[in-house]
2 protein chains.
Amino acid sequence: MTTINDIAKMANVSRTTVSRVLNNKGYVSEDVRDRILKLVKETGYTPSLSAKSLRTKKSGVIGVILPKISTETASRVVSGINEVVSKEDYQILLTDTELNKEKEIEFIRLLKSRQVDGIILLATNINEDLTQAIQTADLPFISIGQDLPGVTSILYDDYHAAADVTNMMISHQHKKIAYIGVGEQDPSVGGLRKEGYLDTMAKNELPIHNEWIQEGDFSIESGYECAKKIIKNSASNLPTAIFCVTDRMAIGAMEYLREQGFSIPKDIAIAGIGASTLSKYVTPALTTVDYFNKHAGEKAAQLLLAQMKKKKPKEKFVQSYRLIKRDSV
Amino acid sequence: MTTINDIAKMANVSRTTVSRVLNNKGYVSEDVRDRILKLVKETGYTPSLSAKSLRTKKSGVIGVILPKISTETASRVVSGINEVVSKEDYQILLTDTELNKEKEIEFIRLLKSRQVDGIILLATNINEDLTQAIQTADLPFISIGQDLPGVTSILYDDYHAAADVTNMMISHQHKKIAYIGVGEQDPSVGGLRKEGYLDTMAKNELPIHNEWIQEGDFSIESGYECAKKIIKNSASNLPTAIFCVTDRMAIGAMEYLREQGFSIPKDIAIAGIGASTLSKYVTPALTTVDYFNKHAGEKAAQLLLAQMKKKKPKEKFVQSYRLIKRDSV
DNA sequence: TCGGTTTATGGAATCGATACCACATTTATC
DNA sequence: GATAAATGTGGTATCGATTCCATAAACCGA
C-alpha cells in the first residue's frame with residue numbers, strides 16, 4: 001500500500017507538500033504539483049481516510065439508522081438522503097435495527113465511535129433511553145417520522161392524513177369504518193393515525209365497535225389476519241370500509257376480502273397510507289396517501305448538512321402529504 | 001471527547017492496559033479490569049475506530065456498490081448481506097452508482113481509501129476498466145449478478161431461467177412470443193436472458209418477428225412503452241405472449257394491454273423475472289422467476305467474510321431459481 | 001538597496017488507538 | 001528450593017495523514 005510518505009519520497013519533497021497538493025491548500029509550485037499528481041496517478045495512491053479522519057475529526061460519512069432495510073419506505077428515504085449527501089462527497093453508513101429498540105441506541109454509540117459526522121434516524125418509537133443516547137452522542141442528528149424531544153425532526157402529518165382518509169370514506173357514505181393499525185409504541189403510525197381516525201369518527205358521531213379495531217405488525221400477512229378477525233368477529237355488524245394505516249396491511253386485507261368473495265369497494269372499501277408502488281398496481285387500485293418519503297430523505301440530509309456546518313436550533317418540520325384517490329374506496 | 005488516555009489516567013494505569021481490557025486480550029487482573037470497565041461505562045467512552053483502523057488496517061466495514069438504491073432487488077440483497085455481516089459486527093457502507101459506469105470504478109477506489117475490509121458489487125455491466133480497478137484495489141471482492149473475470153461471482157442462472165419461462169409459454173400452446181428486454185451492455189439481464197429466449201424459440205422452430213423484440217430500461221414505464229410498440233408495430237401479426245426480462249417491465253406491459261382491452265392471459269400472456277412483491281398482487285398475478293436475491297446477498301457476504309479471513313481462489317457460484325407459475329400465462 | 005509581502009517548502013508535533021518488548025511478580029513443576 | 005512458566009503491567013514506536021511554525025527565496029514598491 002503506498003502512503004503519502006512514499007509519494008513524498010518519490011517526488012523528493014516533504015509529505016507536507018504532498019498533503020498541500022492533495023488538498024489544494026497553500027502554495028505549491030506548478031512543477032512540484034504536476035510531479036506529485038503524476039505520481040499519484042501512476043501509483044494509484046489513495047489517501048487513508050482513517051488517518052485523515054483521525055487527525056481532522058471528520059469522516060465524510062453520515063450514519064443512517066433504519067428500522068428495516070428492505071422496505072419501500074426505507075429505500076426511498078435512503079435514496080433521497082443519498083442524492084443530497086453524495087453531492088457533497090459524503091457516504092452513507094447503513095445500519096438496520098430490525099425493529100429492535102436496543103439496537104437503535106447501540107447503533108448511535110457505534111456510529112459515533114466510527115466518527116460519523118452526523119446521524120439520520122428513521123425512528124419507530126420514542127423513549128427516554130433513546131433521547132438520552134442522542135443527547136450524549138452530541139452529534140448533528142435528524143429524526144424522520146417521530147417527534148423526538150430535543151431533536152430536529154421531520155414529521156409526516158399522520159394525524160391529518162388519517163383524518164383525511166377517514167373523512168373521505170365518510171364522504172362516500174360510509175358509516176361503519178373499521179381500522180387496522182399497529183402498536184402504539186410507535187407514536188406516529190400507531191398513535192397519531194389512530195387518533196386521527198377516532199377523532200374523525202367521533203366528530204361525525206359515528207359509532208365504533210371494538211371488533212373493528214385490530215392491530216397488525218406492518219406486514220401484508222398481518223393485514224390479512226386483521227381483516228379476517230374483523231369479518232369473523234363482527235358478523236352481525238360488518239363494516240363497509242376498512243382504513244389500514246399502511247399500504248401493505250391494506251393489501252393483505254384486500255387479499256382476504258377477495259378470497260371471501262367481497263367486492264371492493266362495493267361491499268367493503270379499503271384505504272391505506274404510503275403510496276407504495278404496490279398500491280398503484282393492485283386491483284382495484286388502492287386509495288392511499290403519499291408521504292413523499294424521498295423528499296423527506298432529501299430534506300433530512302439538507303438539514304443535517306446545515307447542522308454539521310453550523311450549530312442550529314432544533315426544529316420540527318411537518319411535511320405535507322397527498323391523498324391519492326383511486327378505486328378501492 | 002474522552003480517549004483511551006483519559007481512561008488510563010483516571011484508572012491509574014497505562015493505556016496499554018486499557019486497550020487490553022477493551023479487547024479482551026492478554027493478562028489483566030480482575031480488579032483493574034473492573035475499575036476500567038466501570039469508568040468506560042461512566043464516561044460513555046467509545047474507542048475511536050479511525051485510530052484503531054489506522055493501526056490495525058481493518059475497519060470492520062464492508063462496502064456495497066449498488067446500481068440503484070431503491071429497488072426491491074437491491075434492498076433484498078442488502079438485507080441478506082446485512083444479516084450475515086452484522087453477526088460478525090461488520091457495518092455496511094453503501095454507495096449508489098445510479099447506473100453510471102464510471103461511478104462503479106470511482107467507488108471501488110473510494111471504498112478502498114476508506115479502508116473497507118471487502119467489497120460486494122451488484123454489477124450491471126462488464127468492462128476492462130472495471131476488472132482492472134478491482135484488480136488494483138486488491139481487496140476481498142464479490143460480484144453479484146455478473147460473471148466478472150478473475151472475481152468470485154454469484155450468478156443467477158439467467159439463461160436457463162429465460163429458457164424455462166419461454167418453454168413454459170410454449171407448453172401453453174403459445175407460438176408467437178414477443179420479448180421485452182434491456183440493453184446488452186448488461187450481459188446477464190440484457191444478454192443471457194435474451195439468448196435463453198432466442199435459443200428456445202429456435203429449438204422449437206418458432207419464428208420471431210423483429211417488431212416483437214423491444215428494449216426497455218428496467219422501469220415500469222418502459223415496459224408500458226415497449227408493449228405499445230409491440231402491439232402497434234405488429235398489428236397484422238400480434239404475439240400471443242410477451243416475455244419480459246423484469247417484473248417491473250412486465251407490470252408496465254400489463255398496464256398497457258389492459259388499457260387496450262386485451263385480456264390477460266386469454267388474449268396475451270405475460271411473464272417476468274424477479275418475483276417482486278408486486279408480481280404477486282397484481283391482477284392477474286404475474287408468472288415470474290424467483291431469484292432468491294436475499295439468499296444471494298447472504299451467500300455473497302459469507303464468501304466475502306471467508307475471503308477476508310483467508311485468501312481463497314476465485315470461484316463462480318450459479319444460484320438456483322424457481323419458476324413461479326401464476327395466472328398471467 | 002532595503003524592508004515587507006508573497007510564494008514555496010520542510011520539520012516536528014499530533015490525532016487515538018495497537019503491538020511489541022521489557023520487566024516484575026506469582027505460581028507451578030520436579 | 002531452584003528453575004521454569006504463567007500472570008500482570010508499563011514504555012515506546014507506529015499507523016498515515018494534517019497542522020502549525022520556521023525558514024528561505026523571489027518579488028516589489030519607495
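Chain identifiers are assigned alphabetically (A, B, ...) following the order of the sequence lines, protein sequences preceding nucleic acid strands; residue numbering begins at 1 within each chain. Quick note: numbers below take in every heavy atom, side chains included, and nothing from hydrogens, waters or symmetry partners.
What separates CG of A:Leu22 from P of D:dA17 is a distance of 8 Å, to the nearest Å. The CG-P distance, from B:Leu54 to D:dT14, rounds to 14 Å in whole Å. Counting to the nearest Å, the C1' atom of D:dA17 and the CG atom of A:Asp6 are 13 Å from each other. Straight-line distance from the NZ atom of B:Lys52 to the C1' atom of D:dT14: 17 Å, rounded to whole Å. In this entry the distance linking CD of A:Gln115 with P of D:dA17 reads 17 Å, nearest Å. Computed from coordinates, the B:Asn5 CG to D:dG11 C1' distance equals 13 Å when rounded to whole Å. B:Asp31 places its CG atom 17 Å from the P atom of D:dT7, with the value rounded to the nearest Å.
Counting only N and O atoms by type, the side chains of B:Gln115 and B:Ser53 include no donor and acceptor under 3.5 Å apart. Donor-acceptor pairing under 3.5 Å is recorded for the side chains of B:Ser153 and B:Lys316. A:Asp158 and A:Tyr291 are linked by a side-chain donor-acceptor pair at a separation below 3.5 angstrom, with hydrogens and angles left out of the test. Counted by atom type alone, B:Thr152 and B:Lys314 present zero donor-acceptor pairs between their side chains at under 3.5 Å. Of the N and O atoms on the side chains of B:Gln132 and B:Asn127, not one donor lies less than 3.5 Å from an acceptor on the other residue.
Scanning for ring pair (Phe, Tyr, Trp, His ring centres under 6.0 Å) contacts around B:Phe107 gives an empty result, with sequence neighbours left out. Scanning for salt bridge (charged side-chain N to carboxylate O under 4.0 Å, His left out) contacts around A:Lys309 gives A:Glu88, with sequence neighbours left out.
A:Ala300 and A:Ile154 make their closest contact through N-CD1, 3.3 Å (heavy atoms, listed as atom of the first residue, atom of the second, distance). Shortest non-hydrogen contact noted between B:Ile126 and B:Pro149 is CG2-CD, 4.2 Å.
Screening A:Thr3, A:Asn5, A:Asp6 for a side-chain hydrogen bond (donor to acceptor under 3.5 Å, both in side chains) with A:Arg15, the sole residue that qualifies is A:Asn5. With A:Val13 as reference, A:Ile36 is the one residue of A:Ile7, A:Val21, A:Ile36 to meet the side-chain contact (heavy atoms from CB on, under 4.5 Å) rule.
Taking every heavy atom of residues 39-50 of chain A and every atom of DNA chain C, no pair lies under 4.0 Å.
Along DNA chain C, the stretch of nucleotides lying under 4.0 Å from any heavy atom of chain B spans, 5' to 3', C:dG16 to C:dC20.
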- Message: Please determine whether salt bridge (Lys or Arg N to Asp or Glu O under 4.0 Å) holds for the pair B:Asp96 and B:Lys68, giving the CA-CA distance in whole Å, both sets of side-chain angles, and the decisive distance to 0.1 Å.
- Response: CA-CA 6 Å; B:Asp96 178 359; B:Lys68 202 151 178 299; over 6 Å; no
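Toward the 5' end of DNA chain C, the nearer of the two residues B:Met1 and A:Val32, judged by each one's closest nucleotide, is A:Val32. Projected onto DNA chain D by closest heavy-atom contact, B:Lys57 and B:Val28 fall at different nucleotides, the more 5' of which corresponds to B:Val28.
Inter-residue side-chain proximity for B:Glu104 and B:Asn125 is flagged as met; some heavy-atom pair is nearer than 4.5 Å.
A salt bridge is absent between A:Lys87 and A:Glu83: the closest approach of a Lys/Arg side-chain nitrogen to an acidic carboxylate oxygen does not fall below 4.0 angstrom.
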- Sugar-phosphate atoms are those with a prime plus P, OP1 and OP2; base atoms are the rest. Using that split, label each nucleotide of nucleotides 19-27 of chain D B, S or - for protein heavy atoms under 4.0 Å, 5' to 3'. BB-------
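Rounded to 10 degrees, the angle separating the terminal helix axes of the helix from C:dT1-D:dA30 to C:dC30-D:dG1, each built from five base pairs, is 30°.
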